[in-house]
Number of protein chains: 2
Amino acid sequence: MERKPTDIRQEEIKSAVLSIIFRDGLKKITTRNIAREVGLSEGSIFRHFNSKKDIILSIMDNVINDLIESLREISLKDSPPADRLHDYLCKTVTYLIENKGITILLFSEASYENDPEMISKLNYIFHSQRQLAGKIVSDGIALGIWNESISVEDFSTLFMGIPTTLNIEMILNLDKFEHLNFCKRMFDLVLKILEKQ
Amino acid sequence: MERKPTDIRQEEIKSAVLSIIFRDGLKKITTRNIAREVGLSEGSIFRHFNSKKDIILSIMDNVINDLIESLREISLKDSPPADRLHDYLCKTVTYLIENKGITILLFSEASYENDPEMISKLNYIFHSQRQLAGKIVSDGIALGIWNESISVEDFSTLFMGIPTTLNIEMILNLDKFEHLNFCKRMFDLVLKILEKQ
DNA sequence: TCCATAAGTAAGTGTTTGCTTGCAAATATA
DNA sequence: TATATTTGCAAGCAAACACTTACTTATGGA
């Protein structure tokens, strides 16, 4: 059989997991199915990961490296806060649409396994998102653009609801979901909260 | 052994499921564990429900009867829309806090099993909530109290994000979560979107 | 009092699960 | 070329799972 180095196989395995979820649902993520999807024997999967849990943890690391780091870049830019907030939201929405099912995988596995390592990684992802969004709002307030009486904490909570609702809507009616201009529409709504009256 | 009629046992079983989730996590909901929690043999569980799936479906029915019907009542009241929206939000928040883990159970099971019956019930729950919130907003606009240029659809999406975020926060840091005045604070924020400028 | 029915149990069933073992062969390094 | 390491596979492991079976016993209406 064809042989490939571990780092390549690891990516193939993680990608297989996401394909299976999207096509067949969460229940079908078994080491047998993953092996078949990659085109390896089941035993080989355990050459490249110590456990099934490690595969999920590694997928979480991908989310951190891809999504969170992009959001961090946007949040720390010099551009006007309104532009940043808009980009931030659109980046999140795009990522979720392009990686359908990834957050439900993360939340389901974490709450299913009740595993501290998973919960901790999820915590990092969630609270990074919150904190980075909060920074943009703080900047806007500091610049005198936005209403200084708004609680940054509370706004961030509300803001975080947008991607999570998007996720749920995608689970419930994948096909019907109308994401045209979704981020722009949501952005216009939340801007009303921030603007000085 | 003590014998009880099916309808009593069914409630005991459903209640046991929720206790197990809260105490031990989703993975521990096995028919063995449920039986032990109720104090029955595993076989007896199947006297009262045809399958494990039916237990979850029945819990979903409880959510529909308890939460959704309360929300419907609030939504259809005659009181001022702002009062109704506030009550609506607080009712949801209270329910989620008192029934910790119930929504993650529903979403996880539905997306894990990928079962049409479960997805359909979840759809009903989610879209009822959306629609009932939307009605309050429509009423407010019709009465000339709120900004008529706001999209009721988009507002409802944003509004639905509040309970879902609450859920996630509760999974991630159950103990630390500060829910004092949570609903009031969120209500004040979203009111800024609705008010005429 | 009789007896159908409902509610209980112990001891299984087959299947699926994540993972291991023992060994072969490809690849990299000396 | 010699050898150590890595990658692969087939077969199989124990444990866990939802659920069934065969049988017993309590309950309640005729």
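All chains are named by letter (A, B, ...) in the order of the sequence lines, taking the proteins before the strands, and each is independently numbered beginning at 1.
A salt bridge is absent between B:E153 and A:R185; no separation between the charged side-chain nitrogens and carboxylate oxygens falls under 4.0 Å. Salt-bridge formation is not detected for the pair B:E37/B:K28: no Lys NZ or Arg NE/NH1/NH2 atom is positioned less than 4.0 Å from an Asp or Glu carboxylate oxygen. Residues A:D188 and A:K192 are not paired through a salt bridge, judged by the lack of any N-O separation under 4.0 Å between the basic side chain and the carboxylate. Comment: B:D83 does not engage B:K77 in a salt bridge, judged by the lack of any side-chain N to carboxylate O separation of less than 4.0 angstrom. Under 4.0 Å is where a charged nitrogen must lie from a carboxylate oxygen, and between A:E117 and A:K53 at least one such pair does. B:E169 has a carboxylate O that lies under 4.0 Å from a charged side-chain N of A:R130, or vice versa, which qualifies the two as a salt bridge.
Computed from coordinates, the A:E2 CD to D:dC9 P distance equals 11 Å when rounded to whole Å. When the P atom of C:dA7 is taken as reference, atom CD of B:E11 falls 14 Å away, rounded to whole Å. Here the P atom of nucleotide D:dA10 and the CZ atom of A:R36 are 14 Å apart, to the nearest Å. Going from atom CZ of B:F49 over to atom C1' of D:dT20 covers 19 Å, rounded to whole Å. In this structure, NZ of B:K4 is placed 25 Å from P of C:dT5, rounded to the nearest angstrom. Remark: C1' of D:dC19 and CG of B:L40 are 16 Å apart, rounded to the nearest angstrom.
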Considering only nitrogen or oxygen atoms on both sides, find all protein atoms under 3.5 Å from nucleotides 13-18 of chain D and state each distance.
residue : atom : partner : partner atom : Å
D:dA18  : OP1  : B:K52   : NZ           : 2.8
D:dA18  : OP2  : B:T31   : N            : 2.9
D:dA18  : OP2  : B:T31   : OG1          : 3.1

Under-3.5 Å N/O pairs linking protein and nucleotides 22-25 of chain C:
residue : atom : partner : partner atom : Å
C:dA25  : N3   : A:R3    : NH1          : 3.0

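At a threshold of 4.0 angstrom between heavy atoms, the contacts of A:I45 with the nucleic acid are absent.
A tilted orientation is assigned to the rings of B:Y88 and B:F159, their planes being inclined by 30° to 60°.
OP1 or OP2 of C:dA6 has not a single side-chain nitrogen or oxygen of B:H48 nearer than 4.0 Å. Considering only side-chain N and O atoms, A:S44 lies under 4.0 angstrom from the phosphate OP1 or OP2 of D:dC9.
Counting all heavy atoms, side chain and backbone alike, B:N123 lies closest to A:L172 at ND2-O, 3.6 Å.
Residues in residues 113-142 of chain A take part in no ring pair (Phe, Tyr, Trp, His ring centres under 6.0 Å) pair, two or more places apart or across chains.
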